[in-house]
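Atom set for the values below is all heavy atoms of this structure, side chains included, hydrogens, waters and symmetry mates excluded. Keep in mind it's a predicted model, so treat the numbers as computed, not measured. Chain A is the first sequence line, chain B the second, and so forth, proteins listed ahead of strands; every chain is numbered from 1.
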There are 2 protein chains.
Amino acid sequence: MNDVPGETDTGPAADHAYRLIRDEILTGRRAGGEWLRESEMAEWTGVSRTPVREALRRLTAEGLVRYERHRGVQVQSWNVRDVDEIFSLRSVLEPWGSRLAAVSGSLDVVELADLANRMDELAPDGRPSDVDKLTELNNLFHRTVLEAADNTRLTNVISSVIQLPLVWRTFSRYTPEALRRSLAHHHELVSALTARDPDWAESVMCSHVRAAWHTIRASTHEI
Amino acid sequence: MNDVPGETDTGPAADHAYRLIRDEILTGRRAGGEWLRESEMAEWTGVSRTPVREALRRLTAEGLVRYERHRGVQVQSWNVRDVDEIFSLRSVLEPWGSRLAAVSGSLDVVELADLANRMDELAPDGRPSDVDKLTELNNLFHRTVLEAADNTRLTNVISSVIQLPLVWRTFSRYTPEALRRSLAHHHELVSALTARDPDWAESVMCSHVRAAWHTIRASTHEI
DNA sequence: TGGGCAATCGTTGTATGCAACTTCGGATTG
DNA sequence: CAATCCGAAGTTGCATACAACGATTGCCCA
């Protein structure tokens with residue numbers, strides 16, 4: 001879970017508070033709409049209000065919390081529309097990133113294949129034993145592909161956009177069949193990237209993202 | 001120039017400092033690599049270090065300054081690579097946004113045409129009389145199109161990515177011919193959007209961005 | 001004379017007190 | 001009885017003092 005974006009560490013206290021509060025949100029322990037009081041967070045994290053404020057401002061910039069002047073911050077709440085926004089963006093950016101990665105030549109396909117294999121081991125029958133670990137590997141897989149696209153802004157943009165509890169814990173909502181398909185996509189993407197076929201890579205990633213999109217839509221329909 | 005992203009106003013002092021420092025960077029008055037000392041900024045803006053720190057953290061999140069723990073922040077410096085990253089991203093996202101805008105039906109084409117006309121008036125012969133005003137209208141034009149795409153994350157992503165002095169003051173580097181072509185693209189995009197032809201709109205915007213890309217590359221080649 | 005060490009200085013990081021603002025409850029008045 | 005105004009409580013916004021850390025300089029020693 002410690003997948004903190006870009007070395008923005010601003011000090012032990014502020015960083016401590018940031019990680020704790022962020023984790024609290026991404027794991028869903030704090031529901032959308034809940035107010036996060038500075039003094040409460042300060043007491044809970046064991047630091048003063050100053051670093052807490054800094055952490056909250058950072059979370060505001062990342063879109064995880066909502067800020068209202070003189071009123072405080074509350075956990076950002078999401079709906080189906082947010083999911084659609086995120087996945088439609090991903091369905092453009094991630095395939096494009098895969099295309100770039102295919103032709104860049106700077107990708108370690110062995111490492112990527114290893115990641116795909118380790119994910120298989122965590123869910124051999126489509127039933128994950130450790131969702132958190134699987135999520136971590138999945139995020140790493142996607143980030144590895146994107147980093148090979150060699151466009152830091154692309155990487156940052158996507159990682160900032162997928163910061164949503166629902167997206168973060170996506171695998172906990174997958175059916176065994178959907179999960180098996182998702183893992184198969186990973187292997188196919190490795191093949192496409194190994195073959196350095198940009199069209200293939202782009203197409204596989206597009207399928208991968210859109211499949212995930214519909215899987216999540218289906219699982220959230222009744223919420 | 002007062003084109004501040006998303007109502008994140010955190011208070012008069014912090015907001016004041018933020019706008020001042022941000023403007024200082026975007027206009028190029030502070031060169032890349034220059035250190036921005038908290039106490040110096042505090043004295044200059046007339047507020048204490050606390051709101052200044054808040055402003056600097058915000059600018060850090062937006063990528064306008066570089067932060068190093070215990071050392072301070074310095075104005076982010078850019079190179080041709082940054083320009084390429086930004087424009088390659090824009091060349092994917094803006095056309096896609098135009099496509100969405102073409103089919104969304106939520107676009108006020110009259111307003112957009114008006115913007116294009118006002119830009120013409122500011123540079124009838126391809127020689128802009130007021131670059132700042134032209135820049136403001138151009139940003140507004142692009143944002144208007146994007147907002148019609150009805151994906152707030154797309155809008156935010158692009159506006160966060162184009163925060164670079166070079167991109168911001170882009171028109172000051174245009175040749176009269178390049179500027180005339182750019183303005184013509186705007187009118188053509190209005191036509192495509194009026195016709196609600198997604199392919200046309202996407203294609204025009206793609207040309208528009210890529211033309212700008214090469215114009216800037218040409219003008220920065222000797223830097 | 002050169003290298004390493006330590007003290008000092010400048011800067012950032014954190015804590016805390018106070019000011020400003022919002023909100024909510026109750027009293028007051030029509 | 002309702003609407004409004006006033007005030008108290010709670011929260012955030014800002015300023016300031018102090019602590020922690022990094023850089024630099026000068027000194028000491030080999």
Think B:Arg49 has a side-chain N or O under 4.0 angstrom from the OP1 or OP2 of C:dA15?
-> no

May I have the distance from B:Tyr18 (atom OH) to D:dG13 (atom P), rounded to whole angstrom?
-> 17 Å

Look at A:Arg69 and D:dT12 and indicate whether a side-chain polar atom (N or O) is within less than 4.0 Å of OP1 or OP2.
-> no

Atom of B:Cys206, atom of B:Ser91 and distance for their closest heavy-atom approach | SG-O, 4.3 Å

Between P of D:dA20 and CG of A:Asp15, the distance in whole Å = 18 Å

Length of the CD-P vector between B:Glu54 and D:dT12, whole Å = 13 Å

Pair of N/O donor and acceptor under 3.5 Å linking D:dT16 base with B:Thr50 side chain | yes

After noting the C-alpha distance and the side-chain angles of A:Thr152 and B:Glu85, does the key distance pass the side chain to side chain donor-acceptor pair (under 3.5 Å) rule?
-> CA-CA 8 Å; A:Thr152 59; B:Glu85 280 198 14; 2.9 Å; yes

Nearest listed nucleotide, side chain of A:Ser48, among D:dG13, C:dT16, C:dT12 = C:dT16

Under the 6.0 Å and 45° cation-pi test, does A:Arg153 pair with B:Trp78?
-> no

Looking at every strand, decide which applies to A:Arg37 at a 4.0 Å heavy-atom threshold: base, sugar-phosphate, or nothing.
-> sugar-phosphate

Over all heavy atoms of both residues, which pair between A:Ala14 and A:Ala55 is shortest? Give the atoms and the distance, please.
-> O-CB, 4.0 Å

Earlier contact from the 5' end, DNA chain D, for B:Gly46 and A:Pro12 = B:Gly46

Does A:Arg57 make a side-chain N or O approach to OP1 or OP2 of D:dG13 shorter than 4.0 Å?
-> yes

Would you kindly give the NE2-to-P distance between A:His16 and D:dA20, to the nearest whole Å?
-> 17 Å

Atom CD of B:Glu43 and atom P of C:dG10: how far apart are they, to the nearest Å?
-> 15 Å

Look at the side chain of A:His70 and decide which nucleotide, out of D:dA15, C:dT22, D:dT11, has an atom nearest to it.
-> C:dT22

Rounded to whole angstrom units, what separation is found between the CD atom of A:Glu38 and the P atom of D:dC14?
-> 11 Å

How close or far is atom P of C:dT11 from atom CG of B:Leu56, stated in whole angstroms?
-> 14 Å

Let me know, please, whether A:Ala13 or A:Arg71 comes out on the 5' side of the other along DNA chain C by nearest nucleotide.
-> A:Ala13

Between A:His142 and A:His186, how do the two ring planes meet: parallel, tilted or perpendicular, split at 30° and 60°?
-> perpendicular

Atom pair distance, as rounded to whole Å: CE in B:Met41 and C1' in C:dT11 | 14 Å

